[in-house]
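Beneath this line is the structure, given in structure tokens, with notes to follow.
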Amino acid sequence: MEKSGNKKRENWSSRIGFIFAAAGSAVGLGNIWRFPYLTAENGGGAFIFIYLAFVLVIGLSTMLAEFTLGRRTRLGAVGAYKHVDRRWTFAGVLGVLSPFMIMGFYPVVGGWATAYIFKSLTGLLSNPAAIGDAFGAFITNPIEPVFWMVLYLAINIIIVVKGVASGIEKAGKILMPVLFVLMILIGIRSITLEGAGAGLQFMFMPDWSKVHGSTFLAALGQAFFSLSLGMGAMITYGSYLDKQENLPSSALTVTILDTSVAILAAISIIPALFAFGMEPNQGPGLVFIVLPQLFAQLGGIGFLFSAIFFIALMIAALTSSVSLLEVCVAYLIDERGISRKKAVSLAGGSMVITSLLSSLSLGVMSGFTILGVGVFDFFDILTDKIFLAIGGMLVCIVIGWFMNKEDIKDELTNGGSVKFGLFDVWYNLVKYVIPIAIAIVAFFGIISIPHTSLMIFGLAVIAVLAIFSKKL
Ligand code: TRP
């Protein structure tokens with residue numbers, strides 16, 4: 001395969017800048033908002049164990065596969081697949097559809113985090129007993145969360161308009177370390193609460209009787225979601241990567257950072273949940289209910305910790321959603337030939353509408369459902385439970401079966417100058433093990449979760465994309 005890349009492409013200004021940006025894409029609401037509540041809902045330790053196994057065996061290798069494909073072709077998701085083989089264009093299209101759909105609910109939660117910064121500062125979260133009800137009232141309100149969602153999306157748009165190196169990279173570099181330190185402080189507070197031990201036990205002593213087919217699919221979807229895999233975000237980031245960068249060590253670093261933040265977030269939240277005597281099945285409200293209680297109980301300057309936490313959460317969300325928006329924008333620029341500014345307005349504008357519907361679906365529009373779920377859940381379940389997993393499978397299949405092994409090796413080792421002793425292990429994982437493992441997990445997951453018609457719809461969408469891909 002020929003190397004492409006005749007177009008002049010923006011590049012990361014330094015190696016550490018790339019790591020920060022890729023880790024910034026990975027570390028987000030997936031780690032801090034979603035991982036703790038999924039862990040709590042899926043029985044604790046066993047879920048964490050399965051999750052870690054998937055991250056190690058499937059996630060890490062898939063990330064390396066995406067980096068490799070992106071840097072080899074120097075193109076965004078759609079272009080990269082098209083370059084390998086036109087029949088695979090649909091995998092790239094799926095890789096643009098997924099972030100677009102994730103951006104149909106992600107800004108809603110990003111908006112909640114933004115709102116909670118102000119709620120913390122203005123003392124609205126100072127009464128521990130009222131915090132749970134206040135959250136419920138807030139997210140079902142037709143106006144307030146919409147206001148914060150629009151503000152949140154506007155910030156994304158501004159960052160992405162400014163371009164790769166100056167906008168995304170700078171934001172990531174400053175804000176990720178702040179987040180990390182803060183999570184450690186909150187974690188220490190949480191595990192030193194009286195009664196926190198039961199939470200730690202719940203997290204680290206697996207109870208296998210709580211594991212079902214759907215647990216594996218939830219863990220797999222979460223692994224892809226959290227690592228920003230399965231839709232071309234890391235392909236696009238890889239395409240901006242310098243030929244000198246060490247791909248395996250970059251993938252390893254990003255995976256370790258992402259996983260530590262997820263575990264840290266769970267340690268911050270789950271022991272506190274048990275200490276407060278609450279039920280683990282709080283769902284998506286978990287982080288917005290448990291942590292404000294923890295901060296409120298600190299009294300005094302607790303509100304400041306609360307504000308700093310939600311600033312960090314918003315920032316983590318921002319560096320991720322910026323990468324989601326960037327995938328859509330890169331597609332419009334590379335494949336449709338429009339200017340960055342136009343591409344951002346078009347993509348960002350549509351996301352305002354989808355996120356608006358999502359936000360309203362939790363309140364006034366709750367009666368409106370598609371295939372049995374509201375708009376918010378529609379976007380969430382379809383991407384997390386189907387599109388990302390299939391997207392990850394496709395990137396592995398394309399690399400394993402449709403590209404030249406020597407080319408891949410050359411790209412991975414920077415023409416032989418970087419040692420990667422595990423190349424054959426990785427290659428066989430990508431070629432055989434991962435596609436089969438995903439197929440098995442998806443099959444048993446789909447038959448055991450309650451949204452079977454939605455799942456079948458998702459598979460049908462992918463099939464239609466595959467059939468019509470030659471026209472794209
Ligand atoms: N990884 C991010 C999070 O954990 C979300 C995200 C950003 C993402 N880019 C992605 C998920 C690409 C899947 C694919 O919040």
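Predicted model only: the values in this text are computed from it and were never measured. Whatever order the structure lists them in is the order used to number ligands and atoms, beginning at 1.
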Side chains of residues 440-462: which donor-acceptor pairs under 3.5 Å do they make with residues two or more places apart or in other chains?
{"unit_1": "Ser448", "atom_1": "OG", "unit_2": "Ser214", "atom_2": "N", "d": "2.8"}
{"unit_1": "Ser448", "atom_1": "OG", "unit_2": "Phe444", "atom_2": "O", "d": "3.1"}
{"unit_1": "Ser448", "atom_1": "OG", "unit_2": "Gly445", "atom_2": "O", "d": "3.4"}
{"unit_1": "Thr452", "atom_1": "OG1", "unit_2": "Ile449", "atom_2": "O", "d": "3.3"}

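The aromatic rings of Tyr432 and Trp401 stand perpendicular to each other, their planes meeting at an angle above 60°, with 30° marking the opposite boundary. Between Tyr240 and Tyr237, the angle of the ring planes lies from 30° to 60°, which puts this pair in the tilted group. Ring orientation note: the planes of Trp112 and Phe135 are nearly perpendicular, at an angle over 60° on the 30°/60° scale.
Within 4.0 Å of ligand 1, the residues that place a heavy atom are Ser25, Ala26, Gly28, Leu29, Gly30, Asn31, Ile102, Tyr106, Phe225, Ser226, Ser228, Leu229, Met231, Ala233, Ser320, Ser323, Leu324, Leu388, listed by chain and number.
Taking the side chain to side chain contact (heavy atoms under 4.5 Å, CB included) definition, one finds that Ile157 meets it with Val161, Leu325, Val344, sequence neighbours left out. Considering only residues two or more places apart in sequence or on other chains, Ala437 meets the side chain to side chain contact (heavy atoms under 4.5 Å, CB included) condition with Ile58.
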